[in-house]
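Numbers restart at 1 for each chain; the letters A, B, ... are given by sequence-line order, proteins then strands.
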Amino acid sequence: MQRLAKRFYARDTLTVARSLLGQRLVRLRDGERLSGAIVEVEAYVGEGDAACHASRGRTRRNATMYGPPGHAYVYLIYGMYHCLNLVTGSEGEPAAVLIRGLEPLEGLETMGKLRSRTEPRALASGPGRLCQALDIDRTFNGADLCASHAQLFLEKSVPVPDTAVACGPRVGVTGDAKAISVPWRLYVQDSRFVSRR
DNA sequence: GGATCGATCGGCT
DNA sequence: GCCGATCGATCCG
């Protein structure tokens, strides 16, 4: 399978978010492939986006988003879960796409153990869930998805047609009216593996 | 140094 | 539908 190269990520963030739907996210763990097709994402775009972690400028936590595209931005949320983002756009411009849902494809048994759940539906439908299923934590923050030795990367897959894509407001965003209303959550309309309908 | 709170999830009512 | 878990980043003093 062909790995997605840096130029895939180094484009407009919403374009990348749209293009991510259907691609396969792969995690190599102790030589085993854990993977899934991306079915739900959210774009967080720059310091002007009030919902973006970079909205108040650069900090230790969000520094990865200011770096080159094609790297993972992983952070701890609510003291117990992790969220995986892929850095997009131009270096110096903080932007990333949050991966919110996967349709599990490989390594379901291992994912089930990591999640203490067996139903495929419960393995990776949600940003915290998929990080648990793929054993992704903050040690992956800053990881280069395009390096030859990468343990986390994307593989090119069959594109999702426009007719199958839906969009809406981002989940869990509060406060700023513009940030709440903008439809930057993209998902595969009929997928059973999106985090919520 | 201390208080606040979050791009969530699972269990319980 | 609601609530608690759990902790680091951030912000205020």
Problem set entry | Phe8(A) six-ring centre to Arg11(A) NZ/CZ under 6.0 Å and within 45° of normal | yes
For this session: State whether the aromatic ring of Tyr78(A) stacks on the base of dT8(B), taking stacking to mean ring centres under 5.5 Å apart and ring planes under 30° to each other.
Result: yes
For this session: Please determine if Arg100(A) forms a cation-pi arrangement with Phe193(A), meaning its NZ or CZ atom is less than 6.0 Å from the six-membered ring centre and no more than 45° off the ring axis.
Result: no
Exercise. Knowing that exactly one of Thr88(A), Asn85(A), Asn141(A), Asp144(A) qualifies, which makes a side chain to side chain contact (heavy atoms under 4.5 Å, CB included) with His71(A)?
Worked result: Asp144(A)
Exercise. Reckon Gly79(A) touches a base, only the sugar-phosphate, or nothing at all at heavy-atom distances under 4.0 Å?
Worked result: base
Exercise. Once you round it to whole Å, what is the distance between P of dG10(B) and CZ of Arg121(A)?
Worked result: 11 Å
For this session: Could you check whether Ile77(A) gets within reach of a base, just the sugar-phosphate, or nothing at all, counting any heavy atom under 4.0 Å?
Result: sugar-phosphate
Exercise. Between Arg100(A) and dT8(B), does any side-chain N or O lie under 4.0 Å from OP1 or OP2?
Worked result: yes
Problem set entry | Tyr75(A) ring center near His82(A) ring center (under 6.0 Å) | no
Exercise. Taking atom types as modelled, is there a side-chain donor on Glu40(A) or Ser191(A) under 3.5 Å from an acceptor on the other?
Worked result: no
Problem set entry | Whole-Å distance separating the CZ atom of Arg129(A) from the P atom of dC9(B) | 6 Å
Seminar exercise, completed: To the nearest angstrom, the CG-C1' distance between Asp137(A) and dC7(C) comes to 15 Å
Exercise. Checking all strands, does Arg185(A) fall into the base, sugar-phosphate, or nothing category for heavy-atom contacts under 4.0 angstrom?
Worked result: nothing
Exercise. For DNA chain C, what is the dot-bracket line, given that a base pair needs Watson-Crick (N1 to N3, plus N6-O4 or O6-N4) or G-U wobble (N1-O2 and O6-N3) geometry with both distances under 3.5 Å, and | means paired with another strand?
Worked result: |||||.||||||.
Collect all protein-nucleotide pairs involving nucleotides 8-13 of chain C in which both atoms are nitrogen or oxygen and the distance is under 3.5 Å.
residue	atom	partner	partner atom	Å
dT10(C)	OP1	Thr59(A)	OG1	2.0

Exercise. Gln132(A) CD to dT6(C) P: how many Å, rounded?
Worked result: 14 Å
Problem set entry | Over all atoms of both residues, closest heavy-atom pair of Val165(A) and Val160(A) | CG2-CG1, 3.8 Å
Exercise. How many Å lie between OH on Tyr73(A) and C1' on dA7(B), as a whole number?
Worked result: 9 Å
Problem set entry | Modelled atom types, side-chain donor and acceptor of Glu42(A) and Tyr187(A), under 3.5 Å | no
Exercise. Rounded to whole angstroms, how far apart are CE on Met65(A) and P on dA7(B)?
Worked result: 11 Å
For this session: Calculate the interatomic distance between Leu130(A) atom CG and dA7(B) atom P; express it in whole Å.
Result: 16 Å
Exercise. Using atom P of each nucleotide, how far apart are dT6(C) and dG2(B) to the nearest Å?
Worked result: 22 Å
Exercise. Can you tell me how far the CG atom of Asp135(A) sits from the CG atom of Leu114(A), to the nearest 0.5 Å?
Worked result: 5.5 Å
Problem set entry | Qualifying residue, where the test is salt bridge (Lys or Arg N to Asp or Glu O under 4.0 Å) with Glu106(A) and the options are Arg24(A), Arg27(A), Arg29(A) | Arg24(A)
Exercise. Between Val97(A) and Arg115(A), which is nearer to the 5' end of DNA chain B once each is assigned its nearest nucleotide?
Worked result: Val97(A)
